[in-house]
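Heads up: the structure comes next, in structure tokens.
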Amino acid sequence: MTRWNTSHIPDQTGRSAVITGANSGLGYATARELARHGARVLLACRDEGRGRAALDRLRSEVPTAEAEFRRLDLADLSSVRDFAATLDDFDGDRLDLLINNAGVMALPYRTTADGFEMQFGTNHLGHFALTGLLMPKLLATPGARVVTVSSMLHALGDLDHTDLNSARSYRRWIAYGRSKSANLLFVHELTRRLAAAGSQVVAAAAHPGYASTNLMTAGVRMEGRSSAERIIGLGTRLIAQSPDGGALGVLCAATAPHMRPDSFIGPRNGLRGAPVQSFRAPWTKKDANGERLWAASEELTGVHYDFSRPASVL
């Protein structure tokens, strides 16, 4: 995978992809490049106005694109269920790629529509539920992949399995790191369960290094801290790579031939550069931790994976 770039993406004609958070940043860049290489892409975004604007932009940049928009709010499990239920008319029974990209970062304390801490609820639980509900399509599709976007900042903290929703104590960056650790544990446990079921679906993870996206300033903007927003914005412009550069790891994990299950793909030097296998904290590969998070996630979301029958919802 040395110096892997978008010219290495194999022809995606005939393949379909759902990308969450595809209205901007990594998600948009991922959707655009998949469409450019022939995939039929669905932009799943929370804000309808921004989602439709992104769709118009994509069609202008890739006139041959097969693309559409549908609304999805990962911070509301009813929205996740509604979205999954409407996907029956998207490429029939098949789904080649599910890109779990959308997320929030270092927000002041907030809760989702279902009462979960916003970062854990959006970054992990929303994607856990979505993947489970779409699993029948993935299982029915030869060569399907699930790619979940984590972060190098997962190293900020292992999960506290006794306080997944940060009810006892909330520190925004630690909560963010834990939600990204949850992403990696999810991929690890999903890989184990797919293998046990004899499935060829590949679950992998990716991270963008330090990429210039709206996530960087969202938290301080919500608090009205304009000076902090300017400082972070300046640092991002000086150091960060572009969203296109950040998306390379996601695209590599999604399309590179012979991708190993449970891979974690990111920039060569951690912040920027060509995608390679990346460092991950040891707690993100512990089977017992994965099993414990999986059981809690099923209980909290009401989505139970069944690798031989359609997912059920309590």
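Computed from heavy atoms alone, side chains included, the values below leave out hydrogens, waters and symmetry copies. None of these values were measured; they are calculated from a predicted model.
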*Output the distance between atom CG (L42) and atom CZ (F90), rounded to the nearest 0.5 Å.*
4.5 Å
*What's in the same ILVMFWY side-chain cluster as Y170, cut-off under 4.5 Å, chained through other members?*
Y109
In residues 286-296, what donor-acceptor pairs under 3.5 Å come from side-chain atoms, sequence neighbours left out?
residue	atom	partner	partner atom	Å
D287	OD1	H188	NE2	2.7
E291	OE2	R192	NH2	2.6
W294	NE1	E298	OE2	3.2

*salt bridge (Lys or Arg N to Asp or Glu O under 4.0 Å) partners of D93, counting only residues at least two apart*: none
_Working for side-chain hydrogen bond (donor to acceptor under 3.5 Å, both in side chains), residues N123 and S179_ = CA-CA 6 Å; N123 297 349; S179 74; 3.0 Å; yes
*With sequence neighbours excluded, what pairs up with D158 under the salt bridge (Lys or Arg N to Asp or Glu O under 4.0 Å) test?*
none
*Who pairs with F83 by ring pair (Phe, Tyr, Trp, His ring centres under 6.0 Å), at least two apart in sequence or on another chain?*
none
_Side chains of D244 and S242, donor plus acceptor under 3.5 Å_ = no
*asked:* I'd like to check the salt bridge (Lys or Arg N to Asp or Glu O under 4.0 Å) partners of R57; sequence neighbours left out, ordered by chain and number.
replied: E61
*Flag the pair Y305 / F128 as yes when their ring centroid distance falls below 6.0 Å, and as no otherwise.*
yes
*Output all residues satisfying side chain to side chain donor-acceptor pair (under 3.5 Å) with R40, sequence neighbours left out; order by chain, then residue number.*
E68
*Pairing residues for D11 by the side chain to side chain donor-acceptor pair (under 3.5 Å) criterion, not counting sequence neighbours*: T13
*Have a look at S16 and tell me which of D96, T141, L98 forms a side-chain contact (heavy atoms from CB on, under 4.5 Å) with it.*
D96
_ring-ring contact (aromatic ring centres under 6.0 Å, His included) contacts touching residues 250-272 (sequence neighbours left out)_ = H154-F264, H207-F264
*Do T148 and N100 meet the criterion of a side-chain donor-acceptor pair at a distance under 3.5 Å?*
yes
_Check: D73/S79 side-chain N/O donor and acceptor closer than 3.5 Å_ = no
*Heavy-atom neighbours of R46 CZ exceed 12 at 6.0 Å*: no
_Nearest 0.5 angstrom please: E66 CD to R59 CZ, how far?_
10.5 Å
*asked:* Under the rule for salt bridge (Lys or Arg N to Asp or Glu O under 4.0 Å), what residues qualify as partners of E117, not counting sequence neighbours?
replied: none
*Apply side chain to side chain donor-acceptor pair (under 3.5 Å) to R71 and list each qualifying residue two or more places apart in sequence or on a separate chain.*
none
*Hey, could you give me the CG/CG distance between L77 and D114, rounded to the nearest 0.5 Å?*
4.0 Å
*With sequence neighbours left out, write down each residue that passes side chain to side chain donor-acceptor pair (under 3.5 Å) with T162, or none if nothing qualifies.*
D160, R168
